Amino acid sequence: MSDFIYPLSSLRENEAGIVVSLRSGGVLRRRFQDIGIIEGTKISCIGKSPFGDPKAYIIRGAVIALRNTDAEKIMIKSAE
């Protein structure tokens, strides 16, 4: 992938991306920021539940599980 912007929820296991923007407001946006999801943050997908939702991500050294509906609001570009 190049500099295309796409939602975090589209990452597959062992792929990584860089946060470009957040498409949410209010409490959810603040929660994202509190766990370190801000512009320029590298996020790696390390696994998913048996049914594919939620997925586990490494964000600033912490493993965080996010539902796909929430991860769709985080826009990323390729980390490579």
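Both backbone and side-chain heavy atoms feed into the values below; hydrogens, waters and symmetry mates do not. The structure presented is a predicted model; accordingly, all values stated were derived computationally and were not measured.
Minimum heavy-atom separation, Met75 to Pro7: CE-N, 3.7 Å. Taking all atoms of both residues into account, the shortest heavy-atom contact from Lys42 to Ala79 is CE-CB, 4.3 Å. Here the closest heavy-atom approach between residue Gln33 and residue Leu22 is recorded as CG-CD1, 4.2 Å. Nearest heavy-atom pair across Asn68 and Ser9 is O-CB, 3.8 Å. Phe32 and Lys73 make their closest contact through CE1-CB, 4.4 Å (heavy atoms, listed as atom of the first residue, atom of the second, distance).
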Please lay out, stage by stage, how Ile58 and Val63 fare under the test side-chain contact (heavy atoms from CB on, under 4.5 Å).
CA-CA 5 Å; Ile58 293 191; Val63 176; 4.3 Å; yes
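Looking only at distances, no side-chain donor or acceptor of Asp53 sits under 3.5 Å from a matching main-chain atom of Thr69. Without hydrogens or angle criteria, Arg60 side chain to Thr41 main chain gives no donor-acceptor distance under 3.5 Å.
Distance check, rounded to the nearest 0.5 Å: CD1 of Ile37 to CD1 of Ile59 gives 4.0 Å. In this structure, the separation between CD1 on Ile43 and CD1 on Ile74 is 5.5 Å, given to the nearest 0.5 Å. To the nearest 0.5 Å, atoms OH (Tyr57) and CD1 (Ile35) are separated by 11.0 Å. How far CG of Leu11 is from OG of Ser44: 8.0 Å, rounded to the nearest 0.5 Å. A distance of 10.5 Å separates OG in Ser24 from CZ in Arg31, rounded to the nearest 0.5 Å. Distance CZ/Arg12 to NZ/Lys55: 9.0 Å, rounded to 0.5 Å.
Leu28 and Ile38 are assigned to two separate hydrophobic clusters, defined by single-linkage of ILVMFWY side chains at heavy-atom distances under 4.5 Å.
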